[in-house]
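Only one structure is covered here, and it is reproduced in the block below.
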Amino acid sequence: MSADVVDLPRGPRRARMLWRMFREERSNPEPFYRALAAIAVADLDTHHGPLAGQTLVDLGCGPGYYTDAFRGRGATVVPVDNSTDELELGGAPPEGYVLADAGDLPLDDASVDGVFCSNMFEHTPSAAPIVAEIERVLRPGGWAYISWTNWYSPWGGHLMAPYHYLGPRLGPRLYERRHGKPEKHAYGETLWACHIGPTLRLVASRPGLEISRAEPRYWPWARAVMKVPGLRELVAWNCVIRVRKV
Ligand SMILES: C[S@@+](CC[C@H](N)C(=O)[O-])C[C@H]1O[C@@H](n2cnc3c(N)ncnc32)[C@H](O)[C@@H]1O
């Protein structure tokens with residue numbers, strides 16, 4: 001099933017629809033991710049478009065829902081992931097995929113117009129080499145969209161939520177004692193605590209990158225919360241950092 005953003009309701013009805021899809025995500029992931037992809041790509045077309053003709057990297061592309069949506073807008077996309085299992089989650093991997101670590105990309109300096117990186121930072125032990133690579137491969141004036149589920153989000157612990165509120169040491173330990181390891185995303189194997197404050201500081205520390213905006217992905221109208229340390233870690237749910245290459 002594919003979704004175009006014009007088919008999707010807006011405002012609170014959209015939020016309700018996404019919530020319903022999110023609750024069914026484990027048994028039926030495709031509608032949820034296709035809808036998110038349609039929304040994100042339409043938004044990026046507005047902010048950085050037209051996307052048609054741009055060369056983009058879909059970093060941590062997984063089965064390629066976002067790659068498909070970008071290609072639907074006429075962009076040339078390099079889908080990158082470091083796991084064949086994830087690339088093949090939806091069947092055939094995305095066409096033209098590159099099996100590589102996001103922190104060591106086989107791409108030339110200043111070779112792409114945009115980098116899209118959705119829900120990957122929490123699945124890597126360190127964001128620093130990835131941010132450095134984003135800076136390196138973007139052309140001057142290029143854009144990046146970095147989004148991830150921050151650790152103190154209600155979904156920060158993924159399947160072990162809400163145990164993660166006990167912290168990245170105690171939370172996973174107690175969860176595992178009680179329930180065993182989650183079948184996906186065990187802490188320290190494919191899930192790590194990635195916070196908003198340190199990640200904003202990391203991106204801001206790169207001389208070639210400029211943060212144009214940070215916002216909660218699903219309620220961007222509440223972006224004022226991003227200025228409040230502590231509170232933003234709890235209520236953003238999923239943090240978006242929009243970046244420009246200087
Ligand atoms: C939760 S999935 C997100 C997929 C897709 N971007 C989305 O938002 O639906 C995280 C993806 O990041 C990939 N990943 C994690 N660490 C990576 C790394 N260091 N380099 C490349 N891909 C990585 C995983 O294999 C997985 O496919």
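Note that OG of Ser118 is 8.5 Å distant from OH of Tyr33, once rounded to the nearest 0.5 Å. Taken from CG in Leu231 to CD in Glu233, the straight-line distance is 9.5 Å, to the nearest 0.5 Å. Taken from CD in Glu24 to CH2 in Trp19, the straight-line distance is 12.0 Å, to the nearest 0.5 Å. The CG atom of Asp81 sits 8.5 Å away from the CG atom of Asp58 when rounded to the nearest 0.5 Å. Taking CG of Leu105 as the start and CD of Glu133 as the end, the distance is 4.5 Å to the nearest 0.5 Å. Within the model, atoms CG of Leu200 and OG of Ser205 stand 11.0 Å from one another, a figure rounded to the nearest 0.5 Å.
Contact detail for Met226 and Ala236: the closest heavy-atom pair is SD-CB, 4.1 Å. Across Lys181 and Ala186, no two heavy atoms sit closer than the pair CD-CB, 4.2 Å. When all heavy atoms of Met160 and Gly171 are compared, the pair lying nearest together is SD-C, 4.4 Å. Residues Asp113 and Gly53 come closest through the heavy atom pair OD2-O, 4.5 Å. Looking at every heavy atom in both residues, Leu56 comes nearest to Ala75 through CD1-CB, 3.7 Å. Between Pro172 and Gly167, the shortest heavy-atom distance links the atoms CD-O, 3.2 Å.
Residues Thr149 and Arg217 have side chains that never bring a donor and an acceptor to within less than 3.5 angstrom of each other. Side-chain contact check for Gln54 and Trp143: at least one donor-acceptor pair (N or O, by modelled atom type) lies under 3.5 Å. Using a 3.5 Å distance cut-off with no hydrogens or angles, the side chains of His123 and Thr190 do not pair a donor with an acceptor.
Between Asp109 and Arg139 there is no salt bridge, since none of the side-chain N atoms of the basic residue sits less than 4.0 Å from a carboxylate O of the acidic one. Note on Arg206 versus Glu135: salt bridge recorded, some NZ/NE/NH1/NH2 to OD/OE distance being below 4.0 Å. A salt bridge does not link Glu210 to Lys245: none of the charged nitrogens lies less than 4.0 Å from a carboxylate oxygen.
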Does the pair Arg242 and Glu215 meet the rule for a salt bridge (Lys or Arg N to Asp or Glu O under 4.0 Å), with working shown?
CA-CA 8 Å; Arg242 295 174 188 263; Glu215 66 201 13; 2.8 Å; yes

With side chain to side chain contact (heavy atoms under 4.5 Å, CB included) as the test, would you mind laying out the steps for Leu166 and Leu174 before giving the verdict?
CA-CA 9 Å; Leu166 298 171; Leu174 285 186; 3.6 Å; yes

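Shown are Trp192, Tyr187, Phe121; of these, the ring-ring contact (aromatic ring centres under 6.0 Å, His included) with Trp151 is made only by Tyr187. In summary, of the residues considered (Asp101, Val57, Thr67, Leu99), a side-chain contact (heavy atoms from CB on, under 4.5 Å) with Val80 occurs for Val57 alone. Paired with Glu86 under the rule side-chain contact (heavy atoms from CB on, under 4.5 Å), one option of Thr84, Asn82, Leu89 passes, and it is Leu89.
Using a 4.5 Å cut-off on side-chain heavy atoms (C-beta onward), Tyr66 and Leu36 make contact. Residues Trp148 and Cys117 have side chains not in contact (no heavy-atom distance under 4.5 Å, counting atoms from C-beta outward). A heavy-atom distance below 4.5 Å is not found between the side chains of Lys184 and Leu191.
Tyr97 pairs by the ring-ring contact (aromatic ring centres under 6.0 Å, His included) definition with nothing, not counting sequence neighbours.
In the hydrophobic clustering of this structure, Ile146 groups with Ile196; members are Ile, Leu, Val, Met, Phe, Trp, Tyr whose side-chain heavy atoms approach within less than 4.5 Å, directly or through other members. Note: the hydrophobic cluster containing Leu138 also contains Val131 (ILVMFWY, side chain heavy atoms under 4.5 Å, direct or indirect links). Hydrophobic clustering keeps Tyr145 apart from Ile241 (ILVMFWY residues linked when any side-chain heavy atoms are closer than 4.5 Å, directly or through intermediates). Both Phe22 and Trp219 are part of a single hydrophobic cluster, where members link through side-chain heavy atoms under 4.5 Å apart. No path of Ile, Leu, Val, Met, Phe, Trp and Tyr side chains, each step under 4.5 Å between heavy atoms, connects Val235 with Leu18, placing them in separate hydrophobic clusters.
Ring geometry for Tyr165 versus Tyr152: interplanar angle under 30°, hence parallel rather than tilted (30 to 60°).
For His179 and Tyr163, the ring centers are positioned less than 6.0 Å apart.
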